[in-house]
Asker: 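Sharing a structure below in structure tokens format, with a few things to ask.
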Amino acid sequence: MRQGINYIADAVEAKEIDRISIQDIGIPSMVLMEKAAMAMVGCIMAQSSPAVDKVLAVCGTGNNGGDGVAAARILRESGYEVSVLIVGQVEKCSEEMDRQLQIANRMRIPVYLAESVTEEKLQKYTIIIDAIFGIGLSREITGIYRQWIAWINTSTAKVIAADIPSGIHASTGAVLGIAVQADITVTFGVNKRGIVLNPGMQYAGNVVVADIGFPRQAVRQVAPTACTYDPQQIHSILPKRKTRSHKGSYGRVLVIAGSPQMSGACYFASEAAYRVGAGLVHVITAGENADIIRTKLPEAIVSTWSAPMTTEETTMISQAMDRANAIVIGPGLGESQEAQMLLKMVLDYIIKDTNMASDLPPKPVVIDADGLNLLSRRKEWFVADSHGGRTMQLPENVILTPHLKEMSRLIQTEVSVIMDHMIETAYERGNKCTIVLKDARTVVSDGTQVYINTTGNHALAKGGSGDVLSGMIGGLLAQGMKPMEAASLAVCLHGMTADAYVQEKGAYTMLASDILQAIPKVMKGEPS
């Protein structure tokens, strides 16, 4: 995997990495368990004191429980007062958990059974290690497990979860009836989808991905489908610049955007394309916007259309599409007859370009905002699917950037269903095209790979933010990046601008224009 890219595993992938490491390569399970425990101990010791804090490891009977018992034992050796609470039937302990309990007993570490201890007896503990359930949980939590998770959540102690908060589905992030609310989650080897996606991310607290000794060979062999970018190493992913070059070296973006009532969206998308490095931006917009764009962005070429659209204007648009390296359509376009005609021209161009016999790949096209709403009415681009909705039939050079409501219109599926199945929706319902499914954790997929964004914050919930993103994608496409790569990188950078802004000025005041001003800062790599 390239530098700056980190895997995110689902439950099946994480288990397979573990299996290959232990069974195929031969690393003893107890060795991995010891390193997992040491990773948790390091996080606990970094923000606590044995003179003040008392630690309770609340453990299930599987290997996740073994991680917790081992961590308690190491903390005991470091001077902490520790105890272990076992939730579940001890006679059903895994082999490794049983061995960890034997060690704890020989070291005279207090071990309580959940069935025979009162909650009052455990009030003194200031740190709780949650090691009840690991990544294998898939059923709803009931009975005594639910009781003790509820107790953890009402405790005033700081909670450190082992691998994943108990009660969170490792693949989907769903809450399985109830879940531990952790302050810190120390996850082992690779990050997990369940604590990157909502709602699981809200239970994970601060996530620490700890190296516990899984060989790179095991991780590469599994090659989890999903990944994210490391913002600290984003420069290894940016398009390369050449010493001897000119504006044509970095591509030409055609932005078809803006209606008579909407000039801002057109401006945001156009400047964003320039800000990420495109060599030239050609704006085609409603005639009423021309003076505004020329004033706000004099670097752009500006052409206009009128209502009704003339033959000369349609010819000009066709020629502009031929000259462009990437096309962005939709921001602020409206849903007028002219907007419908503009989208039809682009869609017809996509068909022609895709079918053309050429050594060059088809020209990438970003469809955003009003373009998506207009596309949702074009039934010829969809087929009914087994989900009860529909799947898109757009070619692989198309990138769609819907938020949840726009995606709902496109695939005729309830927003609530999409929210619960973000990865599956982006992965399966776009067919060959790239979907940028926007949410607090934006998911990007081209049907073969998945990118889950971990940058950004709620400051981005402002008008114009999405227009900036579509322009950023177009600018990266024009520089030769592939659709999946350009979309993922743009989403990451877009989020990084919000993180940088909020750190300096807070979350309430950011505007779309502030995103434009922050793009140079995050691409240069200045400290926040």
Asker: Stepwise, does the side chain to side chain donor-acceptor pair (under 3.5 Å) test hold for Gln102 with Asn105?
Answerer: CA-CA 5 Å; Gln102 290 177 36; Asn105 285 325; over 6 Å; no
Asker: Do the side chain of Ser465 and the main chain of Lys462 share a donor and acceptor less than 3.5 angstrom apart?
Answerer: no
Asker: Testing the 3.5 Å rule here: is there a donor-acceptor pair between the side chains of Thr187 and Asp163?
Answerer: yes
Asker: Out of curiosity, Ile418 CD1 to Arg429 CZ, how far, rounded to the nearest 0.5 Å?
Answerer: 7.5 Å
Asker: Do any N or O atoms from the side chain of Asn457 and from the backbone of Gly495 form a donor-acceptor pair under 3.5 angstrom?
Answerer: no
Asker: Could you check whether any side-chain heavy atom of Asp467 comes within less than 4.5 Å of a side-chain heavy atom of Asp368, counting everything from C-beta outward?
Answerer: yes
Asker: Could you check whether Tyr229 and Thr455, counting side-chain N and O atoms only, form a donor-acceptor pair closer than 3.5 Å?
Answerer: no
Asker: Look up atom CE in Met407 and atom OG1 in Thr425, then write down how far apart they are to the nearest 0.5 Å.
Answerer: 6.0 Å
Asker: Taking all non-hydrogen atoms of both residues into account, name the closest pair between Ala210 and Ala39 and its distance.
Answerer: CB-CB, 3.5 Å
Asker: Do NZ/NE/NH1/NH2 and the carboxylate oxygens of Lys521 and Glu504 come within less than 4.0 Å?
Answerer: yes
Asker: Determine, step by step, whether Thr228 and Asn6 satisfy the side chain to side chain donor-acceptor pair (under 3.5 Å) criterion, reporting the C-alpha distance in whole Å, the side-chain angles of both residues, the deciding distance to 0.1 Å, and the verdict.
Answerer: CA-CA 5 Å; Thr228 194; Asn6 298 324; over 6 Å; no
Asker: At their closest point, which heavy atom of Arg441 faces which heavy atom of Asn453, and how far apart are they?
Answerer: CD-O, 3.0 Å
Asker: Side chain of Arg275, backbone of Pro520: donor and acceptor closer than 3.5 Å?
Answerer: no
Asker: For the ring pair Phe214 and Phe188, is the centre-to-centre distance below 6.0 Å?
Answerer: no
Asker: In Å and rounded to the nearest 0.5 Å, what is the CD1 to CG distance from Ile367 to Leu400?
Answerer: 5.5 Å
Asker: Side chains of His387 and Glu424: do they bring a donor and an acceptor to under 3.5 Å?
Answerer: no
Asker: Can Tyr501 and Thr509 be counted as having a side-chain donor-acceptor contact under 3.5 angstrom?
Answerer: yes
Asker: Hydrogens and angles aside, do His421 and Thr413 bring a side-chain donor and acceptor to less than 3.5 Å of each other?
Answerer: no
Asker: Just how far is it from atom CD1 of Ile22 to atom CD1 of Ile27, taken to the nearest 0.5 Å?
Answerer: 8.5 Å
Asker: Counting distance only, does the side-chain N/O of Arg76 pair as donor-acceptor with the main-chain N or O of Met107 below 3.5 Å?
Answerer: yes
Asker: Under the side chain to side chain contact (heavy atoms under 4.5 Å, CB included) test against Arg73, which residue among Val82, Ile109, Val84, Val41 passes?
Answerer: Ile109
Asker: Taking the side chain as everything from C-beta on, heavy atoms only, tell me whether Ile160 gets closer than 4.5 Å to Asp130.
Answerer: no
Asker: Consider only side-chain N and O atoms of Gln503 and Asp499, and report whether a donor and an acceptor are under 3.5 Å apart.
Answerer: no
Asker: Quick check: does any side chain N or O of Ser78 sit under 3.5 Å from a backbone N or O of Ile74, one acting as donor and the other as acceptor?
Answerer: yes
Asker: State the CD1-SG distance between Ile237 and Cys492, to the nearest 0.5 angstrom.
Answerer: 7.0 Å
Asker: Closest heavy-atom contact between Val328 and Ser470?
Answerer: CG2-O, 3.8 Å
Asker: Within a strict 4.5 Å, meaning less than it, do heavy atoms of the Tyr7 and Thr225 side chains meet?
Answerer: no
Asker: Quick check: does any side chain N or O of Ser48 sit under 3.5 Å from a backbone N or O of Ile44, one acting as donor and the other as acceptor?
Answerer: yes
Asker: Within the 3.5 Å criterion, strictly below it, is a donor on Thr391 or Asn431 matched to an acceptor on the partner's side chain?
Answerer: no
Asker: Do Gln47 and Lys158 have a side chain donor and acceptor closer than 3.5 Å?
Answerer: yes
Asker: Could you state the interatomic distance from CG (Leu56) to OG (Ser155), rounded to the nearest 0.5 Å?
Answerer: 8.5 Å
Asker: Looking at every non-hydrogen atom in both residues, tell me the closest pair between Glu406 and Ala369 and how far apart they are.
Answerer: OE2-CA, 3.6 Å
Asker: Report yes or no: do Gln517 and Asp514 form a side-chain donor-acceptor pair below 3.5 Å?
Answerer: no
Asker: Do side-chain atoms of Gln221 reach the backbone of Ile17 as a donor and acceptor pair under 3.5 angstrom?
Answerer: no
Asker: Taking NZ, NE, NH1 and NH2 as the nitrogens, is one of them in Asp10 or Lys192 under 4.0 Å from a carboxylate oxygen of the other?
Answerer: no
Asker: So, are Glu96 and Arg99 salt-bridged, with charged N and O less than 4.0 Å apart?
Answerer: no
Asker: Might you point out which heavy atoms bring Tyr451 and Ser488 nearest each other, and give the distance in Å?
Answerer: CB-OG, 3.3 Å
Asker: Flag the pair Glu81 / Val55 as yes when at least one side-chain heavy-atom distance between them is below 4.5 Å, and no otherwise.
Answerer: no
Asker: Kindly give the heavy-atom pair with the smallest separation between Ser445 and Val450, and that separation in Å.
Answerer: OG-CG2, 3.9 Å
